[in-house]
Amino acid sequence: MSDPIQQVDIRFYRENTTSDISEPVIREKPVEILLNGKRITTIACTGIHLKELATGYLRSMDLLTIPDGIERVAVSSDGSRVDVLTMDTTIPLAPPSDPIVLSSGSRARQPETGGNRISSDIFLSAQKAITLMEELLTSSELHRLTHGTHCSALADTEQILALRDDIGRHNTIDMLGGYALLNGIDCSDKIIVKTGRVSSEIARKVWALGIPIMISHSVPTSEALDILHEAGITLIGHVRGKSFKIYTNERRIRF
């Protein structure tokens, strides 16, 4: 795994004086994702947890469904390419003919959800929602060092199970989806805890994972709310200190 942090020399200004200092910044690199030898896309990312990112992205595009179908996931020595090989070599998505670099805020194709409404009866206490957010915000080492990443975590109703940082908030969800896929984790009783805005694409990705509850430090867009209502997903947003807002499906929250 490559170092996600690079030291740069900068000039620092404070109260009419300047000084030369070294500053940690988050790396950004393009990584090609190939499925059975065919290029699917290029993602701009931090360059860590690449097996999870690749499998999670392909999962969100409905190109991977079960871990048993994966034959091999190989990362190139320079970390610029991930090759995913499957037992079934049929690829339903035609790869683009021209290179497309996907940044943290764009995708060439929206993830599919299957349209199945989530009916999970799990519940979460209001205090536990606040505690999970506090744990997320204090556990993100890359963000603490660089202030240049988004962070998301996969949790159950008691604790955080896995935490991922990246320059793209979408990438962190894909990493967690890949983590769950590669480790055979059922997401139907799990929770996503995240720092960034909840966009329509984030909402679709969480729906595709079958996750019933999402907790965000930030707020949703109107289209995201439409999707979350349709999906049956509970969204707790704008978690600040001891307060938060419930935007959708309040029935899973206990006060």
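Heavy-atom basis, side chains included; hydrogens, waters and symmetry copies ignored.
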Novice: Is there any ring-ring contact (aromatic ring centres under 6.0 Å, His included) pair reaching into residues 125-148, and which pairs are they, with sequence neighbours excluded?
Specialist: His143-His147
Novice: State which residues pass side chain to side chain donor-acceptor pair (under 3.5 Å) with Ser139; sequence neighbours excluded, sorted by chain then number.
Specialist: none
Novice: Using a 3.5 Å cut-off and no angle test, enumerate the donor-acceptor pairs between side-chain atoms of residues 218-228 and protein atoms at least two apart in sequence or in another chain.
Specialist:
unit_1 : atom_1 : unit_2 : atom_2 : d
Thr221 : OG1    : Ala224 : N      : 3.2
Glu223 : OE2    : Arg204 : NH2    : 3.2

Novice: Using residues 121-133 as the side-chain source, report each donor-acceptor pair under 3.5 Å to any protein atom, sequence neighbours left out, with the distance given to one decimal.
Specialist:
unit_1 : atom_1 : unit_2 : atom_2 : d
Ser125 : OG     : Lys128 : N      : 3.0
Gln127 : NE2    : Thr131 : OG1    : 3.3
Lys128 : NZ     : Glu158 : O      : 3.1
Thr131 : OG1    : Gln127 : O      : 2.9

Novice: Would a hydrophobic clustering, with Ile, Leu, Val, Met, Phe, Trp and Tyr connected at side-chain separations under 4.5 Å, put Met61 with Val82?
Specialist: yes
Novice: To the closest 0.5 Å, what do you measure between CG (Leu53) and CE (Met175)?
Specialist: 5.0 Å
Novice: Could I get the full list of ring pair (Phe, Tyr, Trp, His ring centres under 6.0 Å) partners for His217, not counting sequence neighbours?
Specialist: none
Novice: Is a donor on one side and an acceptor on the other found under 3.5 Å between the side chain of Ser22 and the backbone of Asp9?
Specialist: no
Novice: To the closest 0.5 Å, what do you measure between CE (Met214) and CG (Leu209)?
Specialist: 10.5 Å
Novice: As a quick check of understanding, evaluate salt bridge (Lys or Arg N to Asp or Glu O under 4.0 Å) for Arg81 and Asp83, giving each step before the final call.
Specialist: CA-CA 7 Å; Arg81 167 175 169 156; Asp83 285 274; 2.7 Å; yes
Novice: Which residues satisfy the side chain to side chain donor-acceptor pair (under 3.5 Å) test with Arg254, sequence neighbours excluded?
Specialist: none
Novice: Quick one: hydrophobic cluster around Met87, which other residues, with the 4.5 Å side-chain cut-off, linked directly or via members?
Specialist: none
Novice: Would you say that Leu58 contacts Ile33 through its side chain, given a criterion of any heavy-atom pair below 4.5 Å between the two side chains?
Specialist: yes
Novice: Who else is in the cluster with Tyr13 when I, L, V, M, F, W and Y are joined by side-chain contacts under 4.5 Å?
Specialist: none
Novice: For Glu23, enumerate each residue passing the side chain to side chain donor-acceptor pair (under 3.5 Å) test, keeping only those at least two apart in sequence or located in another chain.
Specialist: none
Novice: Could you tell me which residues satisfy salt bridge (charged side-chain N to carboxylate O under 4.0 Å, His left out) with Glu134, sequence neighbours excluded, listed by chain and number?
Specialist: Lys242
Novice: So if I apply the side-chain hydrogen bond (donor to acceptor under 3.5 Å, both in side chains) rule between Thr46 and each of Asp166, Thr172, Thr146, which one comes out positive?
Specialist: Asp166
Novice: State whether the number of non-hydrogen atoms from other residues, nucleotides or ligands found under 6.0 Å of Arg14 atom CZ is greater than 12.
Specialist: no
Novice: Check side chain to side chain donor-acceptor pair (under 3.5 Å) between Arg11 and all other residues, then give those that pass, not counting sequence neighbours.
Specialist: Asp20
Novice: Linking directly or through intermediates, with side-chain heavy atoms under 4.5 Å: list the remaining ILVMFWY members grouped with Leu161, chain and number order.
Specialist: none
Novice: When you measure from the side chain of Arg117 to the backbone of Glu230, do you find a donor-acceptor pair of N or O atoms at a distance under 3.5 Å?
Specialist: yes
